[in-house]
There are 2 protein chains.
Amino acid sequence: MDVAGHSGAPAYQRIAATYRNKIISGELRPGDQLPTEHEITELFGVVRQTVRSGLSVLVTEGLIVARRPHGYFVRQREHMVYRPQQKSRPRPATPEMDRFSQQIVAEGRTPSQLIEVSLVQAGPELAERLQVNPGDTIVARRRVRFINGEPTNINDSHFPLDLVRDSEIMSPAYLSRGTDQVLAELGYRQDYAIDEIFVRMPTPDEIHRLNLGPGTPVATHYDTGYTAAGQAVQCTVNVLPGDRHKIVFERQWQDDPGN
Amino acid sequence: MDVAGHSGAPAYQRIAATYRNKIISGELRPGDQLPTEHEITELFGVVRQTVRSGLSVLVTEGLIVARRPHGYFVRQREHMVYRPQQKSRPRPATPEMDRFSQQIVAEGRTPSQLIEVSLVQAGPELAERLQVNPGDTIVARRRVRFINGEPTNINDSHFPLDLVRDSEIMSPAYLSRGTDQVLAELGYRQDYAIDEIFVRMPTPDEIHRLNLGPGTPVATHYDTGYTAAGQAVQCTVNVLPGDRHKIVFERQWQDDPGN
DNA sequence: GAGTGGTCTAGACCACATC
DNA sequence: ATGTGGTCTAGACCACTCT
């Protein structure tokens, strides 16, 4: 079972297991420093490369981070709550902020955004969801959201070009009433949405935009909106770093009470 | 931007970027074999350890797998659809299978399960959700679900001991009508649930139970059920390997149509 | 037996932040 | 200047599977 703990296991796995157990058991707490590579070398009687192999296991597991030139530290994580359900609830009549910003301000933190609008060719993933052909031109409204100056998630909205040509959505300015409202004004009222969540390791581009550390997986949330007639009007790709978010929603029971 | 592509980047990053780009662009397709470590050594003019560093980046990104003694191959993934919403919908009157098994059979595949029931002490995560004190004894009904003999997800249900003592839930047998129904018969009808999804790298135990490859993150889905009075009656922890699942749910709009 | 990846040793030089 | 982790070389032996 606990193969890595066996004395027959490779040395680097024993090193990883040793410090993993100390972290899980609470002996090492978030923010605590591990021994240096040099010290672990002497503790286990192996060369530095072997120590590095062991620690790299814990780095890719997201348990520790290297802070040069200080050493390795137990990682701490703080999850912001992400509620996909709330997107389909009414907003205040005259909103000054989108829902993300409202939530952050309510938590006493400072939100900011970087918005970038461009015309791109639809890849297969987006083409299928937006009911267009791969390679068709679509509008991408790319946004990185920050909390207290730290990049926190990616929110890239995509629209079929025909729907939003010459509308406000084409401007890289902040739309306080939200793109859904603009779409509704253009005659494309969103009636229902399909949410898909994938879990994977980030691409180098995502690592760069979100300033992700090694061993940080991401959730990709595809939110595809449709009119009552079933026409796709937008597909938003949210990329949520696993160490900064938890996804929350609620369900009411629909059982027959006589059951 | 594409730092790893710069000629100034470390050799192992250039190697990783080279094959990552070939995979993303489609030049290398799922199932294709990469050159051997020895061949890449000659292609880049570096020693084997450096090649291994580069390839290990792609392994931990989940893009490739090592199949000894054949070589490295581009990984292929197949996502089963996971619908947390369906848990709160009525089932057929006389179910012979749980929802998971129903779906798998409908897809023409063969489900199976390993069930294990035990009494455990609640850790802080479960204690908080089940409204008990940390260290209190709770009932854990642990289940690994298989498709065609391959482990696919973990489904561990937890109950306060007082609620289910001496009930069928304590037996490690398959309950075709579901534990929710058994709880309802005991007088604890579930009225609503809160779902929380975390994204992280798996623990060694999860790697073992689910036979996970390196670079595979997991989603942890906490499904906590409450009676109408707000009493927590169960907390189920689903562990979903990222390379085998996508999470899907739907939303109807709740806007005021006059908006 | 040949070839694959898995592990390990014993060195070396570097960039970087702190003292 | 010191000490940290980051990268790299040049070897070695091993377990495993295919032929």
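Just so we're on the same page: letters track the sequence lines, and every chain starts at 1. Note that these values count all heavy atoms, side chains included, but never hydrogens, waters or copies made by symmetry.
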State whether a side-chain donor-acceptor pair under 3.5 Å links A:E116 with A:S118.
no

Spacing between A:L58 atom CG and D:dG5 atom C1', to the nearest angstrom
15 Å

Between C1' of C:dA17 and CZ of A:F73, the distance in whole Å
12 Å

Let's see if you can work this out: which of C:dT4, D:dT7, C:dT7 has an atom nearest to the side-chain heavy atoms of B:P10?
D:dT7

Can you check the A:Y12 OH to C:dT9 C1' distance for me, whole Å?
16 Å

Considering just the side-chain nitrogens and oxygens of B:Q13, establish if one lies under 4.0 Å of OP1 or OP2 belonging to D:dG6.
no

Consider only side-chain N and O atoms of A:N238 and A:Y82, and report whether a donor and an acceptor are under 3.5 Å apart.
yes

So does A:T236 get a backbone contact from the side chain of A:Q234, meaning a donor-acceptor N/O pair under 3.5 Å?
yes

Distance in angstrom units between B:Q33 CD and C:dG3 P, rounded:
15 Å

Would A:R129 pass as a cation-pi partner of A:Y222, given that its NZ or CZ must be under 6.0 Å from the six-membered ring centre and within 45 degrees of the axis?
yes

So B:R52, base contact, sugar-phosphate only, or nothing? Heavy-atom distance under 4.0 Å.
base

Counting primed atoms, P, OP1 and OP2 as sugar-phosphate and everything else as base, the B/S/- map of nucleotides 11-19 of chain D against protein heavy atoms under 4.0 Å is -B--B-BS-

Position toward the 5' end of DNA chain C (nearest nucleotide), B:L55 or A:A11
B:L55

Distance check needed: D:dG3 P versus A:E42 CD, whole Å only.
13 Å

For D:dT7 and B:S53 - does any side-chain N or O of the residue sit under 4.0 Å from the phosphate oxygens OP1/OP2?
no

B:Y72 side chain near C:dG6 phosphate (N/O to OP1/OP2, under 4.0 Å)
yes

Side-chain donor-acceptor pair under 3.5 Å between B:Y72 and B:E37, yes or no?
yes

Ignoring hydrogens, what is the shortest heavy-atom contact between A:L126 and A:C235? Give both atom names and the distance.
CD2-SG, 3.8 Å

Determine yes or no for a side-chain-to-main-chain donor-acceptor pair under 3.5 angstrom, with A:H221 supplying the side chain and A:A219 the backbone.
no

